[in-house]
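Taking it in order: structure first as structure tokens, then the write-up.
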Amino acid sequence: MGQTTQQISARKTKLSTIKQTSQRLQGHVDRLNDKSYLEKLIRSKYYYSKSGETIYSLPYEKSSDVTAK
């Protein structure tokens, strides 16, 4: 009986963790569907520039992470 209770508790904990991960990933998918967020992500991660724009990468400068919230 005690082993079954432990298994149920472990499964509930695992389910809770999986639900949190799923919510986080769904939030990321939602942000990827936002055009302005996607532009910021592409520009920061891949150094993509607009026409006529020049990007300089300085060695001491740490790029901002637009995915962090």
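Scope of the values below: all heavy atoms of this structure, side chains included, with no hydrogens, waters or symmetry mates. Worth saying up front: this structure is predicted, and the values here are computed from it rather than measured.
No side-chain heavy atom of K12 sits less than 4.5 Å from a side-chain heavy atom of S16. Side-chain contact between E39 and I42 is absent, with no heavy atoms from C-beta onward closer than 4.5 Å.
The two residues Y37 and H28 come nearest to each other via the heavy atoms OH-CE1, 3.8 Å.
N33 is linked by a side-chain hydrogen bond (donor to acceptor under 3.5 Å, both in side chains) to nothing, counting only residues two or more places apart in sequence or in another chain. Every residue meeting the side chain to side chain contact (heavy atoms under 4.5 Å, CB included) condition with Q26, not counting sequence neighbours, appears here in chain and number order: V29, D30. Remark: S9 engages no residue in a side-chain hydrogen bond (donor to acceptor under 3.5 Å, both in side chains) (not counting sequence neighbours). Not a single side-chain hydrogen bond (donor to acceptor under 3.5 Å, both in side chains) links Q6 to another residue, sequence neighbours left out. I18 is linked by a side chain to side chain contact (heavy atoms under 4.5 Å, CB included) to K14, counting only residues two or more places apart in sequence or in another chain.
Expressed to the nearest 0.5 Å, how far CD1 of I8 lies from CG of L15 amounts to 13.0 Å.
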